[in-house]
Protein chains: 2
Amino acid sequence: MKRNSRLSLALHTLSHMAGEPGRVRTSADIADHAGTNPVVVRRVLGKLRQAGLLTSEKGHAGGWQLAKAADSITFADVYLALDERLVAGSGGEAEPSHCSVETGLQARVSEVLHDIEASLVERLRETTITDVHPSSCSYCGS
Amino acid sequence: MKRNSRLSLALHTLSHMAGEPGRVRTSADIADHAGTNPVVVRRVLGKLRQAGLLTSEKGHAGGWQLAKAADSITFADVYLALDERLVAGSGGEAEPSHCSVETGLQARVSEVLHDIEASLVERLRETTITDVHPSSCSYCGS
DNA sequence: ATAAATGCAACATCCATTGTTACATAGACT
DNA sequence: AGTCTATGTAACAATGGATGTTGCATTTAT
């Protein structure tokens, strides 16, 4: 895994689940397929569960599963569930500065970044999890 | 300094220069005002010089100054000169994956991020360096 | 010559993300 | 009950990118 990894991992996993909705997957299985660690998987998917996109069951035969129809989950839902900010600096406020140039600057830049972040979310809202599942998929068997 | 720092430093410095175009500033002066290090300043401003936005002179009485009119320098020029990518993952290609789901996913996400990056640049193109210089500025005296 | 500036390389520090280990807890099966 | 397998979570290690720092060569005005 490298960059953008939380969002990639989340979308990747959800997409596979969309291809085989009934199947319960363990974090170990998912981690193995994604080339990462079960704890990392649980961290990421835990956020999706908090957002109501997934359910998890503990104990024997436990694991993870979609909480709702795949075509009702958009990329934006996933993105927002993860608290990611792909637009650097679009969250958080500018530090106060004694310099009026700096202050005015930050205000302008922040405004632009905030707008761009919003339009990113709008774009992500156009795609659902079902939109990316190809006909040939060795993992889910479809 | 914290995050977004290269762009902030660049815009901040250029804005001050816009208020007093004739004045030559050393990297030490600039670093002092911005609360950072002269070497960092030279690194950042060096990129702006490569892009033709600034000139620098070595030796005694050397320093930095605008290479062209402040109102002909947009935020986009500065942003592009720095090779920053404020939209994470919008640059670089996806790593090849054995998994077709992953591949399709990356393609979609990359497309969106690329578009968003482009619209960020468009937004930045709307503002020039002169647009952020306030009437009261202790540093440049204007 | 000397002083003052940039240019640049090499290294150190910091910080966020990811990866790892360990363990408590919960549920299914015998 | 007891065991096995899973999640949940905390604590810590490793990694990587950005920033900060030091040192020195080079250039230029005095």
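Just so you know, these numbers use all the heavy atoms, side chains as well, and skip hydrogens, waters and symmetry mates. Proteins get letters first, then strands, A, B, ... in listed order; numbering begins at 1 in each.
Contact of the B:V44 side chain with the B:L82 side chain is registered, since non-hydrogen atoms from C-beta on lie closer than 4.5 Å. Contact check for A:L105 versus B:S8: no side-chain heavy atoms found under the 4.5 Å cut-off.
Note that the OG1 atom of B:T26 and the CD atom of B:E57 stand 14.0 Å from one another [nearest 0.5 Å]. Rounding to the nearest 0.5 Å gives a distance of 8.0 Å between CZ of A:F75 and CG of A:L7. To the nearest 0.5 Å, the span separating CG on A:L54 from CG on A:L14 amounts to 5.0 Å. Remark: A:T13 OG1 to A:I30 CD1 distance equals 5.0 Å, nearest 0.5 Å.
The CZ-P distance, from B:R42 to D:dC24, rounds to 15 Å in whole Å. Atom C1' of nucleotide C:dA5 and atom CD1 of B:I30 are separated by 12 Å, given to the nearest angstrom. Whole-Å rounding puts the B:L9 CG to D:dG20 C1' distance at 13 Å. Atom CZ of A:R85 is separated from atom P of C:dA16 by 16 Å (rounded to the nearest Å). Remark: P of D:dA6 and CD of A:Q65 are 15 Å apart, rounded to the nearest angstrom. Taking atom CG on A:N37 and atom C1' on D:dT15, their separation rounds to 15 Å, with Å as the unit. Between the CG atom of B:D83 and the P atom of D:dG17 there is a distance of 15 Å, rounded to whole Å. Between A:D32 atom CG and D:dA6 atom P there is a gap of 13 Å when expressed in whole angstrom units.
In this structure, B:S27 and A:E84 both approach DNA chain C, and ranking their closest nucleotides by distance from the 5' end singles out B:S27.
Summarising the local packing, CD of A:Q65 is surrounded by more than 12 heavy atoms from other residues, nucleotides or ligands at distances under 6.0 Å. Within 6.0 Å of CD in A:E84 there are more than 12 heavy atoms belonging to other residues, nucleotides or ligands.
Against DNA chain C, the stretch residues 45-56 of chain A makes no heavy-atom approach under 4.0 Å.
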Under the side chain to side chain donor-acceptor pair (under 3.5 Å) rule, what do A:E117 and A:S90 come out as? Steps first, then yes or no, please.
-> CA-CA 7 Å; A:E117 171 79 23; A:S90 64; 3.0 Å; yes

Determine, step by step, whether B:R6 and B:D83 satisfy the side-chain contact (heavy atoms from CB on, under 4.5 Å) criterion, reporting the C-alpha distance in whole Å, the side-chain angles of both residues, the deciding distance to 0.1 Å, and the verdict.
-> CA-CA 10 Å; B:R6 293 208 302 275; B:D83 287 324; 5.8 Å; no

With 3.5 Å as the limit, what N/O pairs link the protein to nucleotides 9-13 of chain C?
unit_1	atom_1	unit_2	atom_2	d
C:dA10	N6	B:R43	NH2	3.4

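Ion pairing between B:R108 and B:E111 fails under the 4.0 Å rule for side-chain N and carboxylate O.
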Annotated protein contacts, base or backbone, on nucleotides 25-30 of chain D with a non-hydrogen cut-off under 4.0 Å, one of B, S, - each | --BBB-

